[in-house]
Amino acid sequence: MTRDVKRLPDAELAVMQALWACEAPAGRSDLEGVLQSTHPMAATTLLTLLSRLGDKGFVRSEKVGRSARYTPLVSQEDYLAGQSRRFLDQLCGGSLSTFANALCSSGLTRRELDELRDLLNGGKL
């Protein structure tokens, strides 16, 4: 069962996505490399966001010499599962049929809907 994972602000989520994309533990320069094309930010901003993520229990930092290495404490899968459940409960009133109708009306392609059907039926992509 997935623990209750709080929703992150966009900037913190971007840092977590970069961390999830790196091999753990990751250094600041590793994260900057991932963030460079989508969410460029000053080193001080990145360090502040990493500190906040640490305070929230999402990231563990470990000093290595004069720098730090960062390890995610919440997996991408757990975060996504928690946010999906929150979305279902808050925006769809917990109704799977409301969620499914919204998903089908969201502009997904026939192929994407077929992939979703396969996943729901226990198949692999």
Side-chain angles (χ1 to χ4, degrees):
M1 178 140 200
T2 304
R3 67 182 183 134
D4 185 32
V5 178
K6 301 292 182 202
R7 183 186 178 281
L8 293 173
D10 291 346
E12 291 175 15
L13 180 56
V15 172
M16 281 305 298
Q17 288 173 318
L19 187 56
W20 289 323
C22 293
E23 184 175 329
R28 180 182 53 89
S29 62
D30 299 322
L31 297 171
E32 287 174 330
V34 173
L35 291 165
Q36 181 178 347
S37 63
T38 58
H39 294 88
M41 60 184 70
T44 53
T45 301
L46 177 56
L47 293 173
T48 297
L49 292 171
L50 286 164
S51 177
R52 287 182 190 166
L53 288 165
D55 292 344
K56 293 177 179 182
F58 278 80
V59 173
R60 179 181 70 233
S61 66
E62 175 184 346
K63 281 289 196 185
V64 178
R66 293 175 46 152
S67 61
R69 307 289 288 169
Y70 302 93
T71 303
L73 297 177
V74 174
S75 72
Q76 187 173 23
E77 294 78 17
D78 283 347
Y79 185 79
L80 182 57
Q83 296 313 301
S84 297
R85 183 76 234 180
R86 177 171 279 119
F87 175 83
L88 177 65
D89 291 343
Q90 290 181 347
L91 289 158
C92 301
S95 168
L96 283 174
S97 61
T98 299
F99 176 70
N101 283 329
L103 196 55
C104 290
S105 300
S106 69
L108 291 177
T109 66
R110 170 57 55 196
R111 181 173 177 221
E112 290 167 330
L113 290 170
D114 289 343
E115 287 177 16
L116 178 59
R117 185 176 298 107
D118 288 346
L119 284 171
L120 292 172
N121 288 329
K124 302 283 182 185
L125 290 178

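Every value quoted in this text rests on a predicted model; they were computed, and no experiment measured them.
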Going by side chain to side chain contact (heavy atoms under 4.5 Å, CB included), Asp114 matches just one of Glu112, Arg110, Arg111. Which one? Arg110

Determine the sole option in Val74, Leu53, Leu73 for which the side chain to side chain contact (heavy atoms under 4.5 Å, CB included) test with Val59 is passed. Leu53

To the nearest 0.5 Å, what is the distance between [atom1] on [X] and [atom2] on [Y]?
X	Y	atom1	atom2	value
Leu113	Leu120	CG	CG	10.5 Å
Gln76	Gln17	CD	CD	6.5 Å
Gln90	Gln83	CD	CD	9.0 Å

Closest heavy-atom pair and its distance - [X], [Y]:
X	Y	result
Arg66	Lys63	O-NZ, 4.3 Å
Arg69	Pro25	NH2-O, 2.8 Å
Leu19	Ala26	CD1-CB, 3.8 Å
Leu88	Ser95	CD1-O, 3.6 Å

Tell me which donor-acceptor pairs under 3.5 Å the side chains of residues 29-43 have, and how far apart each pair is, sequence neighbours excluded?
residue : atom : partner : partner atom : Å
Asp30   : OD2  : Gly27   : N            : 2.8
Glu32   : OE1  : Arg28   : NH1          : 3.1
Glu32   : OE2  : Arg28   : NH1          : 2.9

Could you give me the CA-CA distance, side-chain angles and deciding distance for Val15 and Glu12, then say whether side-chain contact (heavy atoms from CB on, under 4.5 Å) is met? CA-CA 5 Å; Val15 172; Glu12 291 175 15; 5.7 Å; no

One pair to check against side-chain contact (heavy atoms from CB on, under 4.5 Å): Leu49 and Arg52. What are the steps and the verdict? CA-CA 5 Å; Leu49 292 171; Arg52 287 182 190 166; 3.9 Å; yes

Strictly by ring-ring contact (aromatic ring centres under 6.0 Å, His included), give each pair with a member in residues 81-119 just once, sequence neighbours left out. Phe87-Phe99

Could you label the plane-to-plane angle of the Tyr79 and Phe58 rings as parallel, tilted or perpendicular, counting under 30° as parallel and over 60° as perpendicular? perpendicular

If you group Ile, Leu, Val, Met, Phe, Trp and Tyr by side-chain heavy-atom gaps below 4.5 Å, do Val64 and Tyr70 land in one group? no

Decide side-chain contact (heavy atoms from CB on, under 4.5 Å) for Cys104 and Asn101; before the verdict, give the C-alpha distance in whole Å, the side-chain angles of both, and the deciding distance to 0.1 Å. CA-CA 5 Å; Cys104 290; Asn101 283 329; 5.6 Å; no

So does Leu80 get a backbone contact from the side chain of Ser84, meaning a donor-acceptor N/O pair under 3.5 Å? yes

